[in-house]
Asker: 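I have a structure I would like to understand better, so I am pasting it below and will then ask my questions one at a time.
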Amino acid sequence: MIKIITSTWALFLGLGLIMLGNGLQGTLLGIRATMEGFNTSVTGFVMSGYFLGLILGCYAVPHMISKVGHVRVFGALASIASVSILIHGVWVDPFLWWAMRLVTGFSYAGLYIVVESWLNDASDNSTRGKMLSVYMITTLGGMAGGQFLLNIASPREIELFILTSLLVSLAVVPLLISATRGPSFDTHESVSIRQLFQVSPLGVFGMFASGVSTGAFFGMGSVYTTNLGFSVKDVSLFMSAVILGGFLFQYPLGWLSDQIGRRSVILGTCAVGTVVCTYGAFSASLGPIFFILAALIGGMIMPLYALCSAHVNDYLNPQQMVAASGTLVLINATGAVIGSPLTATGMEFFGPSAFYLTIASMTTAVVAYTLWRSRQREIPVEVTEQGDFVVMAPTPLSAGLNFDVEEEVLEEAYNQAPEEVQASFEELTQELEELAQSEDEQ
């Protein structure tokens with residue numbers, strides 16, 4: 001671990017600065033929009049632009065990299081992200097803010113892809129697992145730390161927007177002076193949502209529900225607490241508590257899923273999430289219990305992405321995992337695009353309690369679907385046949401940091417023709433259908 005950190009500290013320093021800025025900006029915009037008197041539904045629309053930009057960036061940026069290289073793309077996107085953040089502080093207009101959120105999401109998608117490419121290049125089969133652990137700690141730690149930067153200045157002024165821009169701009173320095181050209185991996189998805197749904201309906205449905213829930217939190221969490229009359233300090237505590245809870249529960253829930261199966265842990269996690277969210281929606285507790293509930297809710301909803309990803313990957317070989325990673329990101333991001341405006345509309349008509357109730361509706365839907373799927377496919381993947389749980393980030397190259405995928409297989413998978421990938425998924429679907437038929441006959 002020490003060797004990894006000493007050889008890649010600049011990459012992780014730059015990533016940490018990027019995530020500090022990202023964590024700060026998202027919460028800052030929610031608070032500022034409320035202060036400016038934006039309609040709650042309008043705020044939800046504004047915040048959804050970021051997730052739509054992520055989708056567009058995941059498709060467009062790899063083609064940009066193939067033409068001009070990682071270094072130039074990273075520098076250009078960092079500059080664009082820095083400028084778009086400043087525009088929020090100069091002109092207050094919901095439609096302009098939505099456009100700038102889209103630009104920010106597009107830029108951040110590219111930044112993630114480039115950083116992960118460099119990390120892939122810096123890791124090998126023996127270090128990839130530890131590299132992923134440091135990556136997730138840096139990512140979630142930066143997001144949580146960015147919340148506390150809200151207390152440096154007033155959200156009504158431009159200083160916090162300038163600070164966010166500075167963080168993104170500074171992130172370029174350690175990255176560009178330390179990193180070499182990353183591997184030229186093609187990250188376009190070559191598996192349709194329909195094909196992936198045929199392989200693992202629960203995994204795909206849970207991935208979408210995870211996106212809606214995280215979109216609701218990151219898009220409307222600061223609006224929810226501001227509407228409750230919380231101070232900026234308490235808003236930052238709430239947002240960081242959810243992120244910290246998600247971080248603390250990732251590995252225990254992942255370990256448990258390795259022992260008793262993914263489906264059981266997904267079911268239990270979402271059931272607990274439903275109970276806690278419903279209690280939070282109707283509870284009048286605004287003291288320490290409020291923040292403890294926030295951490296518990298984060299612990300239930302944020303690991304859902306990795307749990308569902310692991311559930312899907314249990315049915316796939318390593319090459320198929322790589323091919324499916326982009327489709328999983330698309331499903332999750334689509335849910336996130338819907339999450340914030342859906343939550344905002346609910347809050348507009350039913351009040352702040354709709355924030356938690358929207359998330360509760362998603363976890364309840366996963367519980368119901370899991371129970372139904374257990375009757376359709378009675379025998380899930382045996383625990384002994386599962387791969388190890390891997391904490392995955394919702395980014396298209398995260399499969400490259402998966403220590404279950406060896407480097408040689410990874411490169412071969414990225415160079416595989418889409419037709420070959422689709423054929424392998426069709427064969428897998430047919431095998432699963434035959435297995436389901438034999439189960440019914442028994």
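Please read all numbers here as calculations on a predicted model, not as lab measurements.
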Asker: Quick one: sort the Tyr315 and His311 rings into parallel, tilted or perpendicular, breaks at 30° and 60°.
Answerer: perpendicular
Asker: What's the verdict on ring pair (Phe, Tyr, Trp, His ring centres under 6.0 Å) for Phe12 and Trp9, showing C-alpha distance, side-chain angles and the deciding distance?
Answerer: CA-CA 5 Å; Phe12 285 116; Trp9 66 269; over 10 Å; no
Asker: Hey, would you say the Phe74 and Tyr112 ring centroids sit under 6.0 Å apart?
Answerer: no
Asker: Check whether Thr278 reaches the backbone of Thr274 with its side chain - one donor and one acceptor, N or O, closer than 3.5 Å.
Answerer: yes
Asker: Would a 4.5 Å heavy-atom cut-off, applied to side chains only, mark Thr214 and Phe217 as touching?
Answerer: no
Asker: Is the shortest side-chain heavy-atom distance between Phe290 and Leu228 below 4.5 Å?
Answerer: yes
Asker: With sequence neighbours excluded, tell me which residues meet salt bridge (Lys or Arg N to Asp or Glu O under 4.0 Å) with Arg32.
Answerer: Glu36
Asker: Examine distances only and state if a side-chain atom of Thr363 and a backbone atom of Ala360 form a donor-acceptor pair shorter than 3.5 Å.
Answerer: yes
Asker: Testing Val173, Val172, Leu170 one by one against Leu17 for a side chain to side chain contact (heavy atoms under 4.5 Å, CB included), which residue passes?
Answerer: Leu170
Asker: Quick one: does Trp97's side chain have a donor or acceptor within less than 3.5 Å of a partner on Trp91's backbone?
Answerer: yes
Asker: Between Ser309 and Tyr305, is there a donor-acceptor pair closer than 3.5 Å when you use the side chain of the first and the backbone of the second?
Answerer: no
Asker: Locate the shortest heavy-atom distance separating Phe208 from Ile331; write the atom from each residue and the value.
Answerer: N-CG2, 3.7 Å
Asker: Between Cys270 and Leu304, which heavy-atom pair has the shortest distance, and what is it?
Answerer: SG-CD1, 3.9 Å
Asker: Could you check if a side-chain atom of Phe218 sits within less than 4.5 angstrom of a side-chain atom of Ile243, using non-hydrogen atoms only?
Answerer: yes
Asker: Hey, is the main chain of Leu371 close enough, under 3.5 Å, to the side chain of Ser374 for a donor-acceptor pair?
Answerer: yes
Asker: Grab the two heavy atoms, one from Ile359 and one from Ala216, that are nearest each other, plus how far apart they are.
Answerer: CG1-CB, 4.2 Å
Asker: Taking the side chain as every heavy atom from C-beta outward, state whether Thr269 and Phe249 have any atom pair closer than 4.5 Å.
Answerer: no
Asker: Any chance you could lay out the side-chain contact (heavy atoms from CB on, under 4.5 Å) test for Val90 and Ile158, step after step, and finish with the verdict?
Answerer: CA-CA 7 Å; Val90 177; Ile158 198 173; 4.0 Å; yes
Asker: How close do Ile113 and Cys58 get, heavy atom to heavy atom, and via which atoms?
Answerer: CD1-CA, 4.2 Å
Asker: Does the side chain of Thr164 come under 3.5 Å of the side chain of Gln25 through a donor N or O and an acceptor N or O?
Answerer: no
Asker: Drop me the distance from Asp93's CG to Trp98's CH2, to the nearest 0.5 angstrom.
Answerer: 12.5 Å
Asker: In sequence, state the C-alpha distance, the side-chain angles, and the governing distance for Val61 and Phe106, and then conclude on side-chain contact (heavy atoms from CB on, under 4.5 Å).
Answerer: CA-CA 8 Å; Val61 171; Phe106 182 94; 4.3 Å; yes
Asker: With a 4.5 Å heavy-atom cut-off, do Met300 and Ile297 have their side chains touching?
Answerer: no
Asker: Nearest 0.5 Å, what's the CD1-CG distance between Ile152 and Leu163?
Answerer: 5.5 Å
Asker: Please answer whether the main-chain N or O of Gly221 pairs with a side-chain N or O of Thr225 as donor and acceptor at a distance below 3.5 Å.
Answerer: yes
Asker: Without swapping roles, check the side chain of Glu159 against the backbone of Ala153 for a donor-acceptor pair under 3.5 Å.
Answerer: no
Asker: Closest heavy-atom contact between Gln147 and Gly23?
Answerer: NE2-O, 3.2 Å
Asker: Report yes or no: do Ser169 and Ser82 form a side-chain donor-acceptor pair below 3.5 Å?
Answerer: yes
Asker: Side chains of Pro155 and Val232, heavy atoms from C-beta outward: is any pair under 4.5 Å?
Answerer: yes
Asker: Which distance, rounded to the nearest 0.5 Å, do you find between the OH of Tyr59 and the CD1 of Ile55?
Answerer: 8.0 Å
Asker: Can you name the nearest heavy-atom pair linking Gly203 to Val312, along with the distance?
Answerer: CA-CG2, 3.7 Å
Asker: Test side-chain contact (heavy atoms from CB on, under 4.5 Å) on Tyr356 and Val276 and set out the steps.
Answerer: CA-CA 9 Å; Tyr356 275 146; Val276 177; over 6 Å; no
Asker: First locate atom OH of Tyr108, then atom CD1 of Ile18, and finally report the distance between them rounded to the nearest 0.5 Å.
Answerer: 6.5 Å
Asker: Using 30° and 60° as the class boundaries, would you call the ring planes of Tyr224 and Phe238 parallel, tilted or perpendicular?
Answerer: tilted
Asker: Tell me if a side-chain donor or acceptor on Asn332 pairs with a main-chain N or O of Leu328 at a distance below 3.5 Å.
Answerer: no
Asker: Just how far is it from atom CG of Leu140 to atom OG of Ser240, taken to the nearest 0.5 Å?
Answerer: 12.5 Å
Asker: Can you check side-chain contact (heavy atoms from CB on, under 4.5 Å) on Ile87 and Phe161, steps first, answer last?
Answerer: CA-CA 9 Å; Ile87 291 175; Phe161 293 97; over 6 Å; no
Asker: Just wondering, do Met239 and Met143 contact through their side chains at under 4.5 Å, heavy atoms?
Answerer: no
Asker: Within the 4.5 Å heavy-atom criterion, are Met302 and Phe247 side-chain neighbours or not?
Answerer: no
Asker: Keeping Ser283 on the side-chain end and Gly280 on the backbone end, is there a donor-acceptor pair under 3.5 Å?
Answerer: no
Asker: Nearest 0.5 Å, what's the CZ-CG distance between Phe355 and Asn227?
Answerer: 11.0 Å
